[in-house]
Colleague: 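Quick one: structure below, then a few questions.
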Amino acid sequence: MPDMGTMLAHWAERAGPHSDGALLPPHHERCLGCGLDNPHGHHLQVHRRGDGVVADHVFDERHVGAPGVVHGGAVATVLDDLFGFLPYLVGTPAVTRQLTVDYLSPVLVGVSYRIEATVTSREDRKVFVAATVSDFDERTVATSSAVFITVDVEHFARHGGVSGGSPTPPVADDHRDTGREGEMGQQRG
Ligand SMILES: CCCCCCCCCCCC(=O)SCCNC(=O)CCNC(=O)[C@H](O)C(C)(C)COP(=O)(O)OP(=O)(O)OC[C@H]1O[C@@H](n2cnc3c(N)ncnc32)[C@H](O)[C@@H]1OP(=O)(O)O
């Protein structure tokens, strides 16, 4: 993974300009939504379409909640990440302040969905965005809106600027083997 400095330097080039229909570059290679080097990721492929962005996406067994149905958090992840491409078109970095999802029908594992997002309005630092998730019968299964706040590119260095950008997460004990269920909650107290 490139270090934070490289990522920051690449912001301007990632922000475009991108022609209509162009495949947009991932936020970075390890991004949960769109990074191709994240084995847990959605590997979202996002294109510019007019003033908005669009992705066709198939959730897989890694994203299951109820059997056969995509976990609502996975749907929210993809929506949030797709919204995260709109700043490329706005021309300034921005981060999610609020995300709302209406789950209208179950989103199914193994089914292709079209997800479209646009900027609905802007007010100072606030960028209001909206999205739909539709199946290929054009039935809307989820809608979403969000408030993004524009930030300077140094925001990412201030808050995530670990050298190398990818700290190794602590390895959790496997409580199934130790019988220590509930210990994490007790430690927090
Ligand atoms: C290298 C490149 C990599 C680029 C990598 C990009 C990756 C993108 C991935 C997808 C997107 C993400 O997941 S982004 C990651 C998840 N999000 C975050 O980490 C953001 C965490 N939050 C923050 O850091 C902060 O809260 C900020 C910076 C967003 C804002 O902080 P702040 O400056 O103190 O401002 P704050 O008071 O919170 O609110 C800002 C304004 O929004 C208004 N506001 C707040 N909530 C609402 C609301 N529901 N509806 C309307 N307006 C609202 C407030 O009234 C205020 O208006 P007014 O008083 O200004 O009028």
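Computed from heavy atoms alone, side chains included, the values below leave out hydrogens, waters and symmetry copies. Fair warning: this is a prediction, and the values are worked out from it, not measured in the lab. Both counts, for ligands and for their atoms, begin at 1 and track the order of listing. Sequence positions, counted from 1, serve as the residue numbers for this chain.
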Colleague: In this structure, does ligand 1 have an atom that sits under 4.0 Å from one of the heavy atoms of V147?
Modeller: yes

Colleague: How are the rings of H155 and H159 set to each other: parallel, tilted or perpendicular (split at 30° and 60°)?
Modeller: tilted

Colleague: Counting only heavy atoms closer than 4.0 Å, does ligand 1 sit against the backbone of H28, its side chain, both, or neither?
Modeller: neither

Colleague: Under 3.5 Å, is there a donor-acceptor pair linking the side chains of D81 and H42?
Modeller: no

Colleague: Tell me whether D124 has any N or O atom under 3.5 angstrom from an N or O of ligand 1.
Modeller: no

Colleague: Do NZ/NE/NH1/NH2 and the carboxylate oxygens of R30 and D37 come within less than 4.0 Å?
Modeller: no

Colleague: Of the choices R97, H155, K126, H27, which has the non-hydrogen atom that lies closest to atom 46 (N) of ligand 1?
Modeller: R97

Colleague: Hey, which atoms in ligand 1 end up nearer than 4.0 Å to a heavy atom of I149?
Modeller: 29 (C), 40 (C), 41 (C), 42 (O)

Colleague: If I apply the N/O under 3.5 Å rule, does Q98 come out as touching ligand 1?
Modeller: yes

Colleague: Could you tell me whether the side chain of D60 and the main chain of R62 form a donor-acceptor pair under 3.5 Å?
Modeller: yes

Colleague: For atom 35 (O) of ligand 1, tell me which residue out of E123, R158, R125, H159 has the closest non-hydrogen atom.
Modeller: R125

Colleague: Please determine whether ring-ring contact (aromatic ring centres under 6.0 Å, His included) holds for the pair F85 and H27, giving the CA-CA distance in whole Å, both sets of side-chain angles, and the decisive distance to 0.1 Å.
Modeller: CA-CA 8 Å; F85 281 81; H27 297 120; 4.4 Å; yes

